[in-house]
Trainee: 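Structure provided below as structure tokens; questions to follow.
Computed over heavy atoms, backbone and side chain alike; hydrogens, waters and symmetry mates excluded.
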Amino acid sequence: MSDDITETSQTVAASQLRAFIERIERLEEEKKTIADDIGEVYAEAKGTGFDVPAMRTIVALRRKDQAERQEAESILDLYMAALGMV
């Protein structure tokens, strides 16, 4: 009887593990598709004459709240001043 319970729990654990792995694999595929779509948008913008690195910087900055942006800008200004770049 104890062996049956152990075998059942192992089967359930294996089944759960398989389900998690399959979900992750599906999400990874979706992530790749989305990344490809984003790349196409950047390529389209570049073809129209926009500067893609600047756009990527703006997208990254928009992810941050105002306080985080200000802190990052302050640190950047400090480092640039230390290197004599301003």
Trainee: Do Leu76 and Leu78 share a hydrophobic cluster, counting only Ile, Leu, Val, Met, Phe, Trp and Tyr and linking them when any side-chain heavy atoms are less than 4.5 Å apart?
Mentor: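 Different hydrophobic clusters.
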Trainee: How long is the span from the CZ atom in Arg18 to the CZ atom in Arg23, to the nearest 0.5 Å?
Mentor: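 Arg18 CZ to Arg23 CZ: 15.0 Å, rounded to 0.5 Å.
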Trainee: Could you pull out the closest heavy-atom pair between Val52 and Tyr42, with the gap in Å?
Mentor: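 Heavy atoms only, the tightest pair is CG2-O, 3.5 Å.
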Trainee: What pairs with Glu44 under side chain to side chain contact (heavy atoms under 4.5 Å, CB included), at least two apart in sequence or on another chain?
Mentor: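 In terms of side chain to side chain contact (heavy atoms under 4.5 Å, CB included), with neighbours along the sequence ignored, Glu44 is linked to no residue.
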Trainee: Consider only side-chain heavy atoms of I, L, V, M, F, W and Y, link residues closer than 4.5 Å, and tell whether Ile38 and Val59 are in one cluster.
Mentor: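 Per the 4.5 Å side-chain linkage, Ile38 and Val59 are co-clustered.
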Trainee: Determine whether Ile24 and Ile34 fall in the same hydrophobic cluster, where Ile, Leu, Val, Met, Phe, Trp and Tyr are linked whenever their side-chain heavy atoms lie under 4.5 Å apart.
Mentor: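 Each belongs to a different hydrophobic cluster.
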Trainee: Residues two or more places apart in sequence or in another chain: which of them pass side chain to side chain contact (heavy atoms under 4.5 Å, CB included) with Lys64?
Mentor: Glu68, Arg69, Ala72
Trainee: Under the salt bridge (Lys or Arg N to Asp or Glu O under 4.0 Å) test against Glu28, which residue among Arg26, Lys32, Lys31 passes?
Mentor: Lys31
Trainee: Hydrophobic cluster membership, with links at side-chain heavy-atom distances under 4.5 Å among I/L/V/M/F/W/Y: are Tyr79 and Met85 in one?
Mentor: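 No, because Tyr79 and Met85 fall into different hydrophobic clusters, even though each may have its own neighbours under 4.5 Å.
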Trainee: Are Met80 and Ile75 connected, step by step, through hydrophobic side chains (Ile, Leu, Val, Met, Phe, Trp, Tyr) whose heavy atoms are closer than 4.5 Å?
Mentor: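 Unlinked, Met80 and Ile75 end up in two clusters.
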Trainee: Can you check whether Glu7's main-chain N or O pairs, donor with acceptor, with Thr11's side chain at less than 3.5 Å?
Mentor: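 Here the side-chain-to-backbone pair exists.
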Trainee: How does the hydrophobic cluster around Ile58 look, that is, which other residues are in it when side-chain heavy atoms under 4.5 Å mark a link?
Mentor: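 For Ile58, no cluster forms, as it stays isolated from other hydrophobic side chains.
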Trainee: Can you tell me how far OG of Ser15 sits from CZ of Phe20, rounded to the nearest 0.5 angstrom?
Mentor: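 Here the interatomic distance stands at 10.0 Å.
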